[in-house]
Amino acid sequence: MSITIENISKRFGGFTALDNVSLDIPEGKLTALLGPSGSGKTTLLRIIAGLESSDAGRILFGGDDVSDLHVRDRNIGFVFQHYALFKHLTVAENIAFGLESLPRKQRPPKTEIRERVNKLLEMIQLPDLANRYPTQLSGGQKQRVALARAMATKPRILLLDEPFGALDAKVRKDLRRWLRALHDEFHFTSIFVTHDQEEALELSDQVVVMSHGQVEQVNEPAALYARPESRFVFDFLGHVNVLEGNLKNQKLTQGDAWVSLPSVQGDQEAQLYMRPHEVQLARSPSAHARLPLRIESVSLIGSEVRIELQPEGWHSNELWEIGMSHNEFARHAPARGDLWYAVPDIGHLFTNAQSQPRTVDWHYPATATAHP
Amino acid sequence: MSAPSQAAGAAPVRRFAGRSKRVLPGFGLSLGISLFFVSLVLLLPLTGLVMETAGMTWDQFWFTVTDPRVVESYKVTLWTALAASLFNGAFGLLLAWVLVRYDFPGKRLVDAVVDLPFALPTAVAGITLATLFATNGWYGQMLEKIGVEVAFTPLGIVVAMAFTSIPFVVRTVQPVLEELSPADEEAAVSLGASDLRVFRKVIFPSLWPAVVTGIALSFTRSLGEFGAIIFIAGNTPYVSEVTSLMIFVRLQEYDYAAASAIASLMLLVSLCLLFAIHLWQGRYLRRLEGR
C-alpha cells in the first residue's frame, strides 16, 4: 500500500511543525524520515498514523483519502520509541491485544489467536517469554514485543517512531539488522523516524531528509550520500570538511589556504565541501591545493584511522576530519601536533548564487559538472 | 589578626570516630527527633488508651462493647462509611480525571477547593450541611418534594462522611493519572481498541490500586468522623448514632473505661485496615514492577 502526502501543514501555536509537505512513499519499501529534532519528522509520522490531525492537506493510502479516518480505522501498526507496552498484561496478552480488539464478527476464535501469538513470538525469537511481564524484559526484547504487537493484525502500513532510540548501541545494531531481514521477508510498507543518519542510510530503501518542517531531499541512501543537494543535507549526513573563502581567478582563498578551481568563473564568496574520504593527507601541498592543518587527535578504532585536524593559518568552524587506512597510517605515522596538508580529490562548491552545489573533480576534470 | 594566620596553617580537618557512608549529615539527629515526636504525639496517647482499657476485666470489656445500642452504632457506622467511600471512589475518580485530563478556566480553583474538607473544621462542615439539608434548607426543600429525607437520618451521615473524605480519593488517584503515558493509550487505539476498551484494559488496570487505596483511606477516615456527623445525623439511638458518638456519650457519663474500650476497638479496626492496605499495595506494586 503506497502512501501519498499532499500539502500537509501543521502548526502548534506559533511554531510551524510542517510547512506544506508533499511526499510519495512507495509500496513495500522501508522509508526513513531523517532530520534533527524539531524538523517535523515525528509530527509527520503521527499525522500519517492519525494520532495527530493536520491543519491542511490530505493523506492517501493507496489512492484512498484517509485524512478523516480515525486511527483505529486506518489499519496501521505503530511502534513507539519507549515501547508503550501494557505493563499489567503479559507478553502474549500484549501481542494478542490488537486481535482481541477486533469487532466480534471479524475476531478470530481464541485458539486461532493463541496460534497467531505463538507464531509471532517465534518470529521475534522470544517463544519462551510468553508469560513474562514487560518489566521483566530488556529494552531490545520490549521493542521486539512492541513490533510483534503492531504486526499481529497484519496492518497495511507499519510506522515506527525512533524505534531504536532508547536502546544501547550494540542492541540497536542487532535489532536494526533484524528489522531489515523481517522487512525483506514480509515487504510491508513502512516508515521509520530517526535522527541517526547512519541508521537511516543503513536500514532504508529511501531516505527523506527533513528540516524546519520541510522536505530537503528524497533519495536512495547511496545517491543521497554521494550527491547532497543542499548545504543542510551535506552538514547533516556524515562529517564534512569546509573551506569557506573568496573565489577569484578560479581560486578559492582564505588566509594561508587556497584551492584552485579550474573552469569555475566568478568573483564571489564560496564554500567548498569535502567528505572525509574525498580528501587525502600529504606531507607537502599539491599543485592544486594548499590546505595546511595541524593534527589535533588520532582515533584508531574502526576499519579506518580517523584524524581530526585544526586549520593552520586559516579558519574553519569545525575541525577537519580525514580518514586514512591502517596500512597508510603505519607507513607515515602521523602524530598529534604534526603539520600536514590536505589534498582534495573531489569537492562540492556552493556559491551564494546557486542553491545546488557544483562538483569539482581534480583527477578527471572533464567529469566535473553541476548536478542535474 | 589571628584568622589569616590560622587559615595559612594546616586546615583543621574534622574527623569522626566512624567513617560515615552517607553524603548528607544529620541522619541520627533527624531520625531521633522524628521518632521522639511520633512517640510523644501518636504512640503515647494510644498506649494510654490501652492502659485505660486494661483496667477492665474481659467480661466488663465484652459487656461494654456488645451493648445493643453500641452494636447498632457499629452497624450504622460501617454501612454509612462503606456507602460514603464507594460514592467517593466513583465521584473522586471522575473529579481526578477531569482535573488531570482537561483544561478549563477555573481548573486551579477547583483543584484547590478539593482540599477544602481537609482545611475546614468538621463542625463547620456539619452545621453547613445540616442547614442545607434541613427540610427548610436549599437542598432539603427540593429533596423533600421527591420524598427523600437527608438531615437527621442515616443518609445525612453518608453525606457528611462523603464530604469530609472526598480528598483522599482525588489526591491518591490524581498523581497516578498524571503519570499515565499517553503513548499507552495511543498504542491501544492504533491497535483498533474502542474508547471503552482502552479505559477498561489500559487505563483502569493502572488506576485501580490507587482507587482502592483512596476508597480504603476514605473509609477509615469516615469510621472515625465525629464533628461533621453529629450536627446532621439527628443522633437517634439505634437509628442514627455513630460509634464515635457513642465514645462521646460514655465520656459524658464519666464512664472513661467504657469510652476507651469502644475507642480501642475502633483503633484496632482502623489499624488492621491500614496495615491490610499497605501490605496489599506493596505486593501489587512489586508484581507490577517485576521484582
Side-chain angles (χ1 to χ4, degrees), chain A residues 42 45-46 48-52 70-91 93-104 106-107 132-138 142 145-155 157-162 166, chain B residues 89 93 96-97 100-105 107 172-216 277 279-291:
Chain A
T42 295
L45 190 79
R46 289 173 61 84
I48 296 171
L51 292 170
E52 206 91 61
H70 192 274
V71 209
R72 70 170 66 99
D73 302 321
R74 287 199 192 184
N75 194 13
I76 49 111
F78 202 98
V79 175
F80 294 81
Q81 182 178 2
H82 296 289
Y83 330 122
L85 294 178
F86 309 129
K87 56 177 183 287
H88 53 274
L89 298 181
T90 62
V91 167
E93 287 167 339
N94 262 285
I95 296 174
F97 190 90
L99 292 170
E100 279 166 358
S101 297
L102 288 171
R104 194 156 301 215
Q106 299 163 33
R107 199 185 309 159
R132 296 275 185 90
Y133 284 91
T135 39
Q136 298 167 309
L137 306 182
S138 71
K142 281 186 204 168
V145 174
L147 206 63
R149 183 180 67 177
M151 288 169 61
T153 48
K154 298 185 178 148
I157 288 157
L158 191 63
L159 305 169
L160 307 102
D161 184 11
E162 305 234 8
Chain B
L93 175 62
W97 180 271
V100 172
R101 286 303 168 108
Y102 307 113
D103 269 317
F104 53 91
K107 174 173 161 169
T172 42
V173 173
Q174 218 173 357
V176 180
L177 206 51
E178 268 162 5
E179 271 183 27
L180 284 186
S181 148
D184 285 7
E185 285 158 55
E186 287 174 351
V189 177
S190 78
L191 291 166
S194 63
D195 289 340
L196 186 70
R197 187 171 157 80
V198 173
F199 185 81
R200 263 186 36 225
K201 292 281 174 178
V202 178
I203 299 173
F204 198 66
S206 316
L207 223 52
W208 72 269
V211 175
V212 170
T213 307
I215 290 177
I277 300 165
L279 280 178
W280 170 80
Q281 210 178 17
R283 259 166 98 161
Y284 184 81
L285 289 180
R286 253 202 309 283
R287 206 197 81 194
L288 217 60
E289 282 155 19
R291 275 182 281 145

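What you see is a predicted model, and the numbers here were worked out from it, not measured in a lab. Lettering follows sequence order; numbering is per chain, from 1.
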Proximal component of A:Q81, with respect to chain B [non-hydrogen, under 4.5 Å]: neither
Proximal component of A:F80, with respect to chain B [non-hydrogen, under 4.5 Å]: side chain
A:H70 versus chain B, the contacting section by heavy-atom distance below 4.5 Å: side chain
More than 12 heavy atoms from other groups under 6.0 Å of NZ on B:K107: yes
Salt-bridge contact A:R46-B:E186 (side-chain N to carboxylate O under 4.0 Å): yes
Interface moiety of A:L85 toward chain B, non-hydrogen atoms closer than 4.5 Å: backbone
Contact origin within A:A150 toward chain B - heavy atom pairs under 4.5 Å: backbone
Minimum side-chain heavy-atom gap B:R197-A:F97 below 4.5 Å: yes
Considering all heavy atoms, the nearest A:F86-B:D184 contact: CE2-O, 3.3 Å
Donor-acceptor under 3.5 Å (A:R72 side chain, B:V189 main chain): no
Minimum heavy-atom distance between B:L191 and A:S101, given as atom pair plus value: O-CB, 3.8 Å
Per-residue contact mode, B:S181 against chain A (heavy atom under 4.5 angstrom): neither
